[in-house]
Each structure stands twice: as C-alpha cells, then as structure tokens.
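The structure appears right after this line, and notes come after that.
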There are 2 protein chains.
Amino acid sequence: MATLPKTEINPRRILDVTRALLVQQGLTQLSIRMIARAVGCSVGSIYFHFKNKDELIHALIEEGFDKLVALQDATEAAITDPRSRLSALCRNYYNFALSNPEYYEIMFTLKPERMARYPAEKYRKARRSVEVVSRAVEAYSRQQKTDIPHPYLVAHLIWCFMHGIVTLMQARRIDRSILPEAIIETSIQQILNLNLSTPPLPSGG
Amino acid sequence: MATLPKTEINPRRILDVTRALLVQQGLTQLSIRMIARAVGCSVGSIYFHFKNKDELIHALIEEGFDKLVALQDATEAAITDPRSRLSALCRNYYNFALSNPEYYEIMFTLKPERMARYPAEKYRKARRSVEVVSRAVEAYSRQQKTDIPHPYLVAHLIWCFMHGIVTLMQARRIDRSILPEAIIETSIQQILNLNLSTPPLPSGG
DNA sequence: GTAGAATTTGAACAGTGTTCAATAGAAAAA
DNA sequence: TTTTTCTATTGAACACTGTTCAAATTCTAC
C-alpha cells in the first residue's frame, strides 16, 4: 500500500511550520509553544532539533538568502544586456520581498545587537546580492560609456532605495492614493537614469 | 529653600524613562516591569497612567512625529531657495533618524497590524512630513523650469530612499568599507539631480 | 532480547502583559 | 475635626513567554 504522508518531527518540518506561522504572526508574536502545537509535539522537541529560537530563525534567514541569491545569480546569467539586467535585478528584489514578507523581515529588518550573534560568514553570503547589482552597475556604465567611480557604493544606494520602498510598503506607510506599481516603476526608471557621472564621495577604507 | 528635584510619578516621567530604556533595549526587550523599576513604582502605577504598553508607545510615537514635523516646518520657513531647502529636508530626516533611533523605530518600522490600532488622525500628522517634501519638490521643479507631473509621488520616492538608508544603517547591514557620509551625501546629490522630466506612471486614486 | 543511543516528554523557573480588589493619601464636605 | 470622596498606588493573581532538564519513550544495532 501507498505510504501515508508521515508527519514525523524533523528540522525541515519545523522550519516549514515556523515559516508559515511567521507570515501570520510576525517574529514578535511567534512562540515556540505555537510552533510545537502546529507541529504536534512538545516544546522540548523543538529544542532538541534547534538550540533555541534564535538558531531556528537563523536557519530560516539562511534559507531566505539562499533563495534570493539563487534568483539574482540566475538573472545575472540569463540577461546579458546590462540595462535590462539591472532593471530585472531591482524587480526581482521587489518581488521577492513582497511575496516573501516573512523571509524579508528576518533577513533585513532585524538589528543584530538584539539577536544572538549571527555568524559573520552568513552575512557575507547576503552581501552577494549587492555584489550582483554592483557588477550590473559596472556593466551598465560601460554600456552607457560613462564612468562610475564607485559601482559598489552605487549598488548600495540602489539597495537602500529598494529596501526603503519595500519596508514602507510592508509597514503600510505609503499613502493609499499612490499605487505600488507607480512607485516601483518610477523608481527603476530613476535608477536607470542615474546621473552616473556625478562623482560620489570617496567610499573610505 | 530651593525645591528638591521631585521624583513623583507622572505620565511625563514615565514617558522619559521609557524613551531612555527604548534606546538601550529596543521595543521587544522593553517591559513594563523594567519601566516600573526604573521609575521606582509598581507595575500597577504604570497601568494607572497608561491604558497599556501600546498606548504608552503610541504617546511616544506622537511625540516623535511632533518633533520631526516641527523640525521640517521650521526648515521650510527658514530656507527659501528650493534646492537648498530640499537638500536640508533630506539631511534633517537623516539626522533625526540617526540621533533619535528609538523614536525612529517606533515611528516608522512598526507594522500596524501587529500593534493595537493607532488612530488614523495621528498617521495624518505623520503625512505632513512628506507633504513638506512634496512642496519643496514642486518649488524646485519651478526653479529648474522642469515639469514634475506628480510631486507627491516624487516626495514618496525621496522618503523611501531616505528610509532605506536609515534603516539599513541602523540594522548594521551596510558594508563597513562604505562611509555613512558617502551614502547620504551621494544620495542627496542624486535626489537633487533627479531626472525630473521623466514622466512617472499615474499615481492612481 | 537487550544494550545503547536517539528522541520525546512534561514539569519547572524566571520572565512577560494585564487585571483587579485592597489600600493609602489628599482634598472636599460635613 | 471628622467623614466622605476621589485620586493614586500596591502587590497578588492569570495566562502567556523562552529555556532547561531529568525522566520516559522509541529506535537501532547486535
């Protein structure tokens, strides 16, 4: 006979359940007992598979970065035209954030001093999503035959812009009279029309 | 004789103590018992002066908006040159956020669905800080003799940009090799060099 | 079957937001 | 002055939180 869908307790299932609860509850409201109830086990079992709540969240943070980086890497490989690529990278970021708000919250809005130490190597993986943009900026400047002295800085500016859009939208702070699509579309246009020749300040160190 | 510095229990003192604790602890770690200990009273006393934790935080949110709006209104009145004014408004926002991280967190990063209902009129006061920017954008476009079809939308874009810079900095996500001053200075330059003639999408509603 | 390891449990501890009857203090009325 | 009334404060209680841990259970290998 066919194997019944086992509901065994394992890290994978705990992560999936946690992610689902995170969407509804947010990190603050989320509790270990909630997760245990949803998984159908005791609190101790959660602590057997994960050292504590922080480590459980860190595992999800890593998953989120893996997905985002995979998405951006694929786009970098697929789109050769620099302008289209830069535009697509921005769109990807926006789409990723809006369709995975639970990932985005824990990936980008947590203040490190209030979480248990998140190993530095994982933040380095996160940085790859900025470096993809940095390379696109460089390629775009070559295409436009302009000189961008600090593409890595410009990549950070683009990141800040996108992050601001995403978080203010998710915090419901944008005036109802303004369409999300108007914001993201106009923003990407502005990014592509950056006054690239403006010499930024030295980026230090 | 001079009146001794009374340490009586009143809403003002509770708010001040809460704000100080917020800087160190953040909203999540902050507890009513903490506040009571710092004020030197029982938990019940806090609940006598404020209905609950949310209302206490809401009072601080309002204070924060009052300060920011006062700052921006003063700048609008003081600086007539549109370009300088727009630049100053951006700088103000950045400085306000970095020197009042506790205010900024509760004012702009909380998701409304996870807080008790924050009265709509108070959000309307918050909107004034965007409207000041919107007026500056309009004036700047007249100065530059360009046409900005949707200054309110552009004001939102500027807000998003600034918000992204501030929150990524406060979350310690910006690469150490990039100086904060390089980011904010380059950003303001880019804002002042906006390709103003680019027609944004309709802003809807 | 049995030894041993892997897994699960539920009680316990100190902390959280919140409520509330009891109390104290001050002001007003008698 | 005494009594009443209102304001302010207290601390115990409730259900919740993250976390630990000895005990109980289940699984694996021999």
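In what follows, every chain begins at residue 1, and chains take the letters A, B, ... in the order their sequences are listed.
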B:I35 atom CD1 is separated from C:dT16 atom P, nearest whole Å, by 11 Å
Looking at A:Y93 versus A:Y104, is the centre-to-centre ring distance below 6.0 Å? yes
As an exercise, state the distance from NE2 of B:H163 to OH of B:Y94, rounded to the nearest 0.5 Å. 15.0 Å
Plane angle bin for A:H58 and A:Y118 - parallel if under 30°, tilted between 30 and 60°, otherwise perpendicular: tilted
Yes or no on salt bridge (charged side-chain N to carboxylate O under 4.0 Å, His left out) for B:K125 and B:E131, after CA distance, side-chain angles and deciding distance? CA-CA 10 Å; B:K125 187 184 284 181; B:E131 288 164 353; over 6 Å; no
So how far is it from A:T18 OG1 to A:F50 CZ, rounded to the nearest 0.5 Å? 7.0 Å
Can you list, by residue number, the residues of residues 43-58 of chain A that have a non-hydrogen atom closer than 4.0 angstrom to DNA chain C? A:G44, A:S45, A:F48, A:H49
In whole angstrom, what separates A:R37's CZ from C:dG10's P? 14 Å
Quick check: A:F65 with A:F108 (ring centres under 6.0 Å apart)? yes
Between CG of B:N10 and C1' of C:dA26 the distance, given in whole Å, is 17 Å
Using modelled atom types only, decide if a donor and an acceptor are shared between the side chain of B:R33 and the backbone of B:V43 within a distance under 3.5 Å. no
Rounded to whole Å, CD1 of B:I9 lies from C1' of C:dA24 at a distance of 13 Å
Just the endpoints, please: which first and last nucleotides of DNA chain D, 5' to 3', lie under 4.0 Å from a heavy atom of chain A? D:dT17 to D:dT20
When we call it a touch if two heavy atoms are under 4.0 Å apart, what does B:S42 touch: a base, just sugar-phosphate, or nothing? base
Charged N-O contact under 4.0 Å between A:K122 and A:E63: no
Rounding to an integer number of Å, can you tell me how far B:Q29 CD sits from C:dG17 C1'? 15 Å
Rounded distance in Å - CZ (A:R33) to P (C:dC13): 14 Å
